[in-house]
Amino acid sequence: MNDLGTQLREARTEAGVTLAFIAARSCYSAAHLSNVEAGRRTATPDVVLAYARALGGADMRRRSLLAAATVGPVAAGELIRAGFAAALNGRGSDDQWAERVARYGRDYMEIGADALQQQLAGDLVVMQQHLDTPAMWASAARALVTYGKTTKNPTEAIGWYDIARTAADRSDDLGVRVWVRGRAAIALAYEGAALPVARRYADEAIGLSDRPSLGRLNALMARAHVYAGRGDVDGAVAADEAALRVFDKVASPDGEISDAAVPSWRMATFRSMLYARLGLVGPGEQAQSDADRWRPPSLTRFATHIELHRALMMAKAGDGAGGMAYARRAWAALPAERRSQTLGLVLREVERAARHR
């Protein structure tokens, strides 16, 4: 993919548009895009997506650009193998693809993002060629959200979440449209990343439907975390209470392990982080106790989440040194291969809180 910048320049010139045209429809300057096309800057997936959106008229060229965006983290040979295997074995039914995407949601919880990224990228390349039914658009939208969560950079993740929203809209499935926006919102807000974008996704989800659903639940919890990030205690508590009312109606079964599910232990984890951020010890400790009591034993990574929440609450309560020491012990106790970007962001939040005490 060393010539990806060249491919972008060729796609742009074939479409008869200028760098200024692309820049006006993206968050990048014409100078930055010129450097990308010349190979002086990396053609990151979010840059490729900016070109794909701006040049959206030519469908085949757009698909090629999206495939290029996906190919970044994986070997080209592996993607070629996956594409030919899919062609030889047939397209697969809509239900088979839906189950494959659901399996990624389950695997994400237990084995983490890094182990999934290459295989998921390969499947997305194949799926791009079969987006011929609303059900396939729905599966692609869900897969794109998961893929966004495997990336290392919030800006890059937002690029994937944006295209997931578009895919969800093409599914004409209101539940999927709400879920994709709600899941993207809580992913960003829980990490304390890009709070204005998280709020926008949450507001979109909530505005689409007032029907109780997991998507609406995620959006309300995201809104609570956005309020917490802004220091609005009353707004955060009110949003949490609204989320609890929805949770009472749509909670996932306690034994369900999936990124698409919100059973009791996961709701408690969301609330544990929220009240740690707010520095409210009583509800924070209750949420932490609930999460530890209800969480499946296999999910050790999420046990570390709760330990870091405890550390954050210590730092917020005034014991910066104690909170930092507690966080570092929890981090060190988790094997390196089980650590995630999200955990790293929570650890840095503890560090920031500790420095301000």
Side-chain angles (χ1 to χ4, degrees), residues 185-193 195 198-199 202 217-248 251-252 254 262-297 299-334 338-357:
I186 190 61
L188 292 172
Y190 181 91
E191 294 178 348
L195 293 182
R199 177 62 188 265
L217 169 61
N218 283 327
L220 288 167
M221 284 306 307
R223 186 180 276 181
H225 281 274
V226 170
Y227 282 131
R230 295 174 177 173
D232 184 348
V233 176
D234 292 340
V237 171
D240 175 54
E241 291 172 347
L244 280 173
R245 289 193 292 272
V246 174
F247 177 77
D248 287 340
S252 304
D254 283 342
V262 186
S264 296
W265 73 265
R266 199 173 194 197
M267 184 64 173
T269 301
F270 289 157
R271 301 184 72 236
S272 167
M273 183 61 174
L274 175 67
Y275 284 102
R277 276 188 170 132
L278 293 172
L280 298 180
V281 175
E285 288 182 341
Q286 183 61 58
Q288 291 152 17
S289 175
D290 290 343
D292 285 341
R293 184 167 69 254
W294 295 328
R295 185 180 54 252
L299 300 180
T300 55
R301 179 160 49 97
F302 291 93
T304 304
H305 278 258
I306 299 301
E307 292 298 277
L308 291 179
H309 299 172
R310 290 188 171 104
L312 179 60
M313 197 146 56
M314 291 171 66
K316 291 278 188 177
D319 186 3
M324 196 63 253
Y326 194 97
R328 287 172 177 160
R329 286 195 298 271
W331 179 261
L334 187 69
R338 301 287 291 170
R339 298 169 187 166
S340 66
Q341 175 188 325
T342 301
L343 281 172
L345 289 171
V346 177
L347 178 64
R348 286 195 283 278
E349 188 166 345
V350 177
E351 292 171 345
R352 290 195 300 272
R355 284 197 298 270
H356 287 88
R357 297 295 170 182

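Ion pairing of R245 with D248 is absent here, as no side-chain N (NZ or NE/NH1/NH2) approaches a carboxylate O to less than 4.0 Å. A salt bridge is defined here as a Lys NZ or Arg NE, NH1 or NH2 lying under 4.0 Å from an Asp or Glu carboxylate O, and R277 with E349 meets this definition. The residues R348 and E351 are annotated as not salt-bridged, no charged nitrogen and carboxylate oxygen being separated by less than 4.0 angstrom.
Summarising the geometry of A330 relative to E307, their closest heavy-atom pair is CB-CB, 3.6 Å, with the distance given to 0.1 Å. Here the shortest heavy-atom pairing between A198 and A185 reads O-CB, 3.5 Å. Across F247 and V262, no two heavy atoms sit closer than the pair CE1-O, 3.3 Å. The heavy-atom pair separating G323 from A311 by the smallest distance is O-CB, 3.2 Å. The shortest non-hydrogen separation linking G320 to A354 is O-CB, 3.4 Å. Residue A189 comes nearest to A222 through the heavy atom pair CB-O, 3.6 Å, listed as atom of the first residue, atom of the second, then distance.
Here H225 contributes atom NE2 and R271 contributes atom CZ; the two are 10.0 Å apart, rounded to the nearest 0.5 Å. Atoms CG and CZ, from D254 and R295 in turn, are 13.0 Å apart once rounded to the nearest 0.5 Å. One distance of note links CG of L274 with OH of Y227; it measures 12.5 Å at 0.5 Å rounding. Taken from OG in S340 to CZ in F302, the straight-line distance is 7.5 Å, to the nearest 0.5 Å. To the nearest 0.5 Å, atom CG of residue L347 and atom CZ of residue R352 are 10.0 Å apart. The OG1 atom of T304 sits 11.0 Å away from atom CG of L299, with the distance rounded to the nearest 0.5 Å.
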Checklist entry - Could you go step by step and tell me if M221 and R266 meet the side-chain contact (heavy atoms from CB on, under 4.5 Å) rule? => result CA-CA 11 Å; M221 284 306 307; R266 199 173 194 197; over 6 Å; no
Checklist entry - Under the side-chain contact (heavy atoms from CB on, under 4.5 Å) criterion, do L244 and M267 qualify, and how do the steps go? => result CA-CA 9 Å; L244 280 173; M267 184 64 173; 3.8 Å; yes
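Under the 4.5 Å side-chain criterion, counting only non-hydrogen atoms from C-beta, I306 is in contact with T269. Between W294 and P263, every side-chain heavy-atom pair lies at or beyond the 4.5 Å cut-off. A 4.5 Å side-chain heavy-atom check between V346 and L312 finds every atom pair outside the cut-off. The side-chain heavy atoms of E285 and M313, taken from C-beta on, include a pair separated by under 4.5 Å.
Ring pair H309/H305 is perpendicular by interplanar angle, where above 60° counts as perpendicular and below 30° as parallel.
One N or O on the side chain of R339 and one on the backbone of L334 form a donor-acceptor pair closer than 3.5 Å.
No hydrogens or angles considered: nothing links the side chains of D292 and Q288 as a donor-acceptor pair under 3.5 Å. Side-chain contact annotation: D240 with Y275, donor-acceptor N/O pair under 3.5 Å present.
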